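Remember, it's a predicted structure, so these values are computed and weren't measured experimentally. Read the numbers this way: they start at 1 and go in the same order the structure lists the ligands and their atoms. Residues: numbered from 1 along the sequence shown.
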Amino acid sequence: MLKLPIYLDNNATTPMDPRVFEAMTPYFLEDFGNAASRNHPFGWKAEEAVDYAREQVAKLIGADPKEIIFTSGATEADNLGIKGVFEMYAQKGNHIITATTEHKAVLDTCKHIEKLGGEVTYLQVKPDGMIDLAALEAAIKPTTILISLMWANNEIGTVLPMKEISAIAKKHGVLLFTDATQVVGKIPVNVNADGIDLMAFSAHKMYGPKGVGALYVRRKNPRVKVTAQIDGGGHERGMRSGTLNVPGIVGFGKACEIAMQDMAEDTARISIMRDKLETELMKLEEAYINGSTSSRLPHVTNISFKHVEGEGLLMGFNKNIALSSGSACTSASLEPSYVLKALGLGDDLAHSSLRFGLGRFTTDEQIDYTIKAISDTVIRLREMSPLWEMYKEGIDLNSIEWAAH
Ligand SMILES: *Cc1c(COP(=O)(O)O)cnc(C)c1O
């Protein structure tokens with residue numbers, strides 16, 4: 001049975017798994033205690049629930065529970081990880097290396113650090129979204145304290161080789177922070193095997209609730225420290241004050257437990273659907289996959305349909321399919337996706353892109369519907385498009401001088 005509208009925007013947020021919701025419910029009503037209340041059973045029960053969730057979260061990433069700091073999400077964890085290292089290691093240096101395709105939570109944090117007197121190198125990426133590792137190593141200087149590179153990109157799903165990046169960081173005694181929001185719960189992560197020093201992730205991108213996430217901070221080999229960015233009651237070992245979001249944390253823990261248990265099966269099923277979707281859509285003329293196809297998340301594909309405008313496409317199938325476009329005409333800016341532009345795409349291809357993020361609850365029927373709806377819409381819009389007509393007549397569209405306004 002086909003369920004409409006179809007949700008294929010799982011990189012923006014995921015629906016909550018009913019098992020997560022069920023685990024959370026008692027902590028809204030009867031078990032409402034403050035996990036920091038030491039004098040009565042209400043507090044003890046809440047603290048116990050948080051401790052258990054901390055173990056579930058740590059286990060998924062191969063960490064020690066003491067290395068998990070709960071935050072309000074990945075944005076806060078990005079801020080705490082990067083600003084916290086910048087302040088804590090000020091004696092050692094002030095230089096941070098990141099990349100132009102990072103999430104805004106990292107890029108804007110780095111811009112803030114530049115205003116505070118920090119120096120930031122923004123690495124360009126290759127046309128497939130990967131980092132040139134030689135360029136990364138060449139960018140390291142004696143003042144470099146941190147490399148901040150996202151594990152997988154939220155727009156194109158490109159997965160960076162974290163082990164190799166970590167080896168470079170270690171060789172030069174530089175800490176490695178990664179925004180792993182799109183990765184944790186989707187592909188295996190082990191902070192020790194992968195050599196991660198600090199890592200941000202979020203519950204609502206892995207079938208947990210919104211408003212809760214974590215920063216992993218390594219405690220051994222080396223012992224990493226961050227300065228608090230929120231001061232107060234000294235929660236989370238003084239690194240993040242504020243009364244803990246107990247139901248959210250319980251849900252986050254449950255989401256991690258489910259991810260561990262279901263990851264292999266979910267990935268096998270979802271990647272088959274993704275591959276089918278991609279193969280069928282690539283049968284359209286002038287369709288291009290954005291980002292690496294060899295090092296990529298199993299549930300993501302980002303495709304540009306040349307000479308069709310992304311927003312127009314989204315309207316074309318009547319909001320029956322929830323998707324994201326690299327064309328940002330609905331947002332405040334008219335600029336297309338900076339990630340796609342960083343890959344070297346022109347405005348035309350960036351504007352004509354769609355990001356497909358499949359998920360645990362995506363069905364075969366939904367994928368079949370999507371393939372047909374998108375194929376039909378692309379063909380129909382192109383039939384009405386003078387640009388497409390010129391393209392078919394062999395006119396080089398780049399040679400045309402467009403009249404101003
Ligand atoms: C969603 C996302 C964030 C922001 O996470 P929140 O928990 O919503 O703050 C940060 N980085 C990446 C890569 C993301 O995909």
* Considering only heavy atoms of Gly73, which atoms of ligand 1 have at least one such atom less than 4.0 Å away? -> 7 (O)
* Asked: Looking at the rings of Phe361 and Tyr207, which for Trp means the six-membered one, are their centres under 6.0 Å apart?
  -> yes
* Give the atoms of ligand 1, by number and element, whose distance to some non-hydrogen atom of Met150 is under 4.0 Å. => 13 (C)
* **atom 7 (O) of ligand 1 - nearest protein heavy atom and its distance** => Ser202 OG, 2.6 Å
* In this structure, which one of Lys92, His95, Glu119, His172 forms a side chain to side chain donor-acceptor pair (under 3.5 Å) with Thr144? -> His95
* **ligand 1 versus Thr75: contacting region, heavy-atom distance under 4.0 Å** => both
* **Test side chain to side chain contact (heavy atoms under 4.5 Å, CB included) applied to Leu349 and Asn290, step by step** => CA-CA 10 Å; Leu349 276 177; Asn290 298 313; 5.8 Å; no
* Do we see a donor-acceptor contact under 3.5 Å between the side chains of Thr100 and Gln124? -> no
* To do: Please confirm whether Ser72 comes within less than 3.5 Å of ligand 1 when only nitrogen or oxygen atoms on both sides are compared.
  => no
* Structure fact -> Closest non-hydrogen contact found for Thr71 with Leu215 is CG2-N, 4.2 Å
* Shortest heavy-atom approach to atom 3 (C) of ligand 1 - which of Glu76, Lys104, His103 -> His103
* Measure from NZ or CZ of Lys104 to the centre of the six-membered ring of Tyr338 and say whether it is under 6.0 Å with the direction within 45° of the ring axis. => yes
* Side chain or backbone of Ala74 under 4.0 Å from ligand 1, or both, or neither, by non-hydrogen atoms? -> both
* Derivation of the side chain to side chain donor-acceptor pair (under 3.5 Å) call for His204 and Thr13 -> CA-CA 6 Å; His204 79 96; Thr13 194; 2.7 Å; yes
* Which atoms of ligand 1 have any heavy atom of Asn154 under 4.0 Å away? -> 13 (C), 15 (O)
* To do: Answer with yes or no whether the side chains of Asn94 and Tyr89 bring together a donor and an acceptor at under 3.5 Å.
  => no
* To do: Looking only at protein heavy atoms, identify the closest one to atom 2 (C) of ligand 1 and say how far it is in Å.
  => Lys205 NZ, 2.5 Å
* At a 4.0 Å threshold, what atoms of ligand 1 neighbour a non-hydrogen atom of His204? -> 6 (P), 7 (O), 8 (O)
* To do: Considering heavy atoms of the protein only, find what lies nearest to atom 11 (N) of ligand 1 and give residue, atom and distance to 0.1 Å.
  => Asp179 OD2, 2.6 Å
